[in-house]
Amino acid sequence: MSRECRLPFPTGHREFSPGGWPRSAQPTSLALQIQFHAPVHFKAIRGLYGFTNQLEAPAIYWGRNGRCFAFLHDLTPEALARVMDDCRGAAHDRRQPWGA
């Protein structure tokens, strides 16, 4: 049985992640307990991910309650390019929601 999950940034992972949460139920403060250090590959990011600026530099978080995080400067060039492509696609979809 497949659940539909609308992601603001498609991750290329499974459509539904049990560690993820619906955006409307996102906690107000993230746990940010487990830091991944360079080099962080895209396959290390499991399920939904989002962005935070709670720390001294921009970071992405994922996992239950945002437990796992990595600074953007710790991502491999390929992972950073993938994340930025997801951002570009999401921005394009917001600008032209009718698909034109």
Side-chain angles (χ1 to χ4, degrees):
M1 186 159 91
S2 174
R3 292 185 182 176
E4 184 181 331
C5 182
R6 289 182 172 80
L7 304 176
F9 304 103
T11 63
H13 299 299
R14 293 182 302 178
E15 284 187 355
F16 175 77
S17 170
W21 53 79
R23 286 296 187 209
S24 61
Q26 182 176 354
T28 55
S29 64
L30 303 168
L32 301 177
Q33 295 172 338
I34 303 170
Q35 181 180 359
F36 283 58
H37 297 278
V40 179
H41 298 274
F42 191 76
K43 63 183 175 188
I45 302 167
R46 304 289 181 177
L48 303 176
Y49 66 92
F51 297 88
T52 182
N53 58 357
Q54 281 181 237
L55 307 169
E56 68 266 8
I60 60 171
Y61 64 89
W62 65 94
R64 190 173 302 282
N65 295 326
R67 281 187 59 170
C68 302
F69 73 98
F71 292 110
L72 291 180
H73 60 261
D74 286 336
L75 297 176
T76 62
E78 295 81 14
L80 185 59
R82 177 74 183 269
V83 168
M84 293 296 104
D85 284 343
D86 290 347
C87 291
R88 183 180 302 113
H92 179 73
D93 290 346
R94 280 193 307 273
R95 290 182 186 140
Q96 299 182 353
W98 54 88

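All values below come from the heavy atoms of this structure, side chains included, with hydrogens, waters and symmetry mates left out.
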Pick from I34, L30, L48: which one makes a side-chain contact (heavy atoms from CB on, under 4.5 Å) with Y61?
-> L30
Taking only Lys NZ, Arg NE, NH1 and NH2, and the carboxylate oxygens of Asp or Glu, determine whether D85 and R88 approach each other closer than 4.0 Å.
-> yes
Can you tell me how far [atom2] of [Y] sits from [atom1] of [X], rounded to the nearest 0.5 angstrom?
{"X": "F69", "Y": "L55", "atom1": "CZ", "atom2": "CG", "answer": "5.5 Å"}
{"X": "L80", "Y": "D74", "atom1": "CG", "atom2": "CG", "answer": "11.0 Å"}
{"X": "C68", "Y": "Q35", "atom1": "SG", "atom2": "CD", "answer": "11.0 Å"}
{"X": "L75", "Y": "I45", "atom1": "CG", "atom2": "CD1", "answer": "5.5 Å"}
{"X": "F71", "Y": "T52", "atom1": "CZ", "atom2": "OG1", "answer": "9.5 Å"}

Output all residues satisfying ring pair (Phe, Tyr, Trp, His ring centres under 6.0 Å) with H41, sequence neighbours left out; order by chain, then residue number.
-> none
Which residues pass the ring pair (Phe, Tyr, Trp, His ring centres under 6.0 Å) test with F36, sequence neighbours left out?
-> W62
Smallest heavy-atom separation, Y49 atom then V83 atom, equals OH-CA, 4.0 Å
When every non-hydrogen atom of H73 is compared with those of A57, the smallest separation belongs to CE1-CB, 4.1 Å
